[in-house]
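Labels below follow one simple rule: chain letters A, B, ... track the order of the sequence lines, proteins then strands, and each chain is numbered from 1. If you're wondering where the values come from, they're calculated on a predicted model, not measured in any experiment.
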Amino acid sequence: MLALSEGFLGLELSVTLSTALVDFFAKWGALELASFVFDKMKDRNVITWIAMFVGLAQNGLAEDASKLFSPIQEKGVAVNSTTLVSLVHSCAHLGFLRKGKSIHVYLIRHGFIFDVVDMTALIDMYAKCGKIQSAESLFNNNSITKDVISFNSMITGYALHGQGNQAVSNYFRMIKEGIMPNHSTFLSPLTACSHSGLVEDGITLFHRMKEDHKLGPTEKHYSRLVDVLGKAGRVEEARALIRKMPFEPSSAVLETFLSGCRLQKNITMGIKVADRLLHLDAMNTAVYVVLSNMYAEARRWDKVDYIRGLMRKHGVKKTPAYSSF
DNA sequence: TTAGGGTTAG
């Protein structure tokens, strides 16, 4: 602190070096240090302000970040692409729709030319802030050449808004437009399929990954499809899928499967997978809770007591939450 | 010697 406040080796730190420090500290979550350097600076440039703003935003300090917004705007620093993207990205993260929109409007008024990266940041911001139609019209206005990230962003937006059909159809549109998907492309629509009950679409997408694009599904993709199948009551198929996985299923996949078993009130299968999960980690609270809830739903109070006993035996503290019915 | 887009949902 002393070295920083009096300058390094008695020299005043340059704006560039101080800014690098603000950025470094903020990125590591050392916001007190970042603020300290920021406050001490006599001169700050665009990058200094943005680094501080982004640092606060990424660390969830919405209110503090918000206070920097006006000075940034007053200085008119939101004029280049990098600045725009940094600011808009943080606005998306914080749900600052009005602020994000004001940057967008400001730049339109000033005749700013948006590239695909700028557009993607805006699409993501509008989608995350609940304005899926604004995101959609930006995406569809044909002023930019779309790429895999802008497509993924739009697809994620649809998924976020429960528009499973749109998420899936934009995957096909992307292929039609000759853009190669990547692993991320498939995650959002698969999630959307589980939310919207689009079982066949989910299965199709999953298989297209490998067959059409040579993309081996990762554990997350398996987990999503297990969820799609589990929610649709196709527990046996979900189980077969897990067995076919080219790697050992982690707790995450098994927990997804377990919640499918609970949803379908398949206690027999639920016990099997819970047993496996507890062999992986006897302290996995979630497993006890789900098992206990399954038994409670089946009014098997003796078993509920038994689970409680198991928890005590293993020193698992959390009391299972009973579902009300 | 400083700032750039997507990556489940909860």
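The A:Thr191 side chain lies nearest to B:dA9 when the options are B:dT2, B:dG5, B:dA9. Taking the side chain of A:Thr83 as heavy atoms from C-beta on, and the options B:dT2, B:dA3, B:dG5, the nearest nucleotide is B:dA3. Of the candidate nucleotides B:dG5, B:dT2, B:dG4, B:dG4 has the atom nearest to the side chain of A:Ser81. Picking from B:dT1, B:dG4, B:dG5 the nucleotide with the shortest atom distance to the side chain of A:Ile149 gives B:dG5. If you check B:dA3, B:dG5, B:dA9 against the side chain of A:Ile47, the one that comes closest is B:dA3.
Rounded to whole Å, atom P of B:dT7 lies 13 Å from atom CE of A:Met154. We find that NE2 of A:His104 is positioned 21 Å from P of B:dG4, with the value rounded to whole Å. The CG atom of A:Asp43 sits 18 Å away from the P atom of B:dT2 (whole-angstrom rounding). When the P atom of B:dA9 is taken as reference, atom CZ of A:Arg224 falls 8 Å away, rounded to whole Å. Going from atom CE of A:Met41 over to atom P of B:dT2 covers 14 Å, rounded to whole Å. Summarising the geometry, the separation between CZ on A:Phe24 and P on B:dA3 is reported as 12 Å, rounded to the nearest angstrom. Atom pair A:Lys220:NZ and B:dA9:C1' shows a separation of 12 Å (rounding to whole Å applied). Atom NE2 of A:His89 is separated from atom P of B:dT7 by 7 Å (rounded to the nearest Å).
Side-chain to base pairing of A:Ser153 with B:dG5: no donor and acceptor N or O lie closer than 3.5 Å to each other. On a pure distance criterion of 3.5 Å, a polar donor-acceptor pair joins the side chain of A:Asp147 and the base of B:dG5.
Considering NE2 of A:His195 and CD of A:Gln163, their distance stands at 14.0 Å, rounded to 0.5 Å. Rounding to the nearest 0.5 Å gives a distance of 10.5 Å between CD1 of A:Ile155 and OG of A:Ser184. Between atom NZ of residue A:Lys220 and atom OG1 of residue A:Thr256 there is a gap of 12.0 Å, rounded to the nearest 0.5 Å. Note that CZ of A:Phe38 is 7.0 Å distant from OG1 of A:Thr48, once rounded to the nearest 0.5 Å.
Among the atoms of the strands shown, only primed sugar atoms or phosphate atoms (P, OP1, OP2) are found under 4.0 Å from some heavy atom of A:Ser86. Across all strands, A:Thr120 comes closer than 4.0 Å to base atoms (heavy-atom distances). Using a 4.0 Å heavy-atom criterion, one finds that A:Lys128 contacts the sugar-phosphate atoms exclusively. Counting any heavy atom pair closer than 4.0 Å across all strands shown, A:Ser18 reaches no nucleic acid atom. Here A:His183 lies out of heavy-atom contact (under 4.0 Å) with every strand. Residue contacts shown for A:Leu187 are absent, as no nucleic acid heavy atom lies under 4.0 Å away. Residue A:Val116 is classed as a base contact, given a heavy-atom separation below 4.0 Å to a base. Within 4.0 Å of A:Ile123, counting heavy atoms only, lies no atom of the nucleic acid at all. Across all strands shown, A:Asp227 has no heavy atoms under 4.0 Å from either base or sugar-phosphate atoms.
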Could you check A:Tyr306 against A:Tyr295 for ring-ring contact (aromatic ring centres under 6.0 Å, His included), going step by step and ending with a plain yes or no? CA-CA 10 Å; A:Tyr306 170 71; A:Tyr295 280 128; 8.1 Å; no
For A:Glu237 and A:Arg243, what are the C-alpha separation, side-chain angles and deciding distance, and is it a salt bridge (charged side-chain N to carboxylate O under 4.0 Å, His left out)? CA-CA 10 Å; A:Glu237 282 170 74; A:Arg243 287 192 164 168; over 6 Å; no
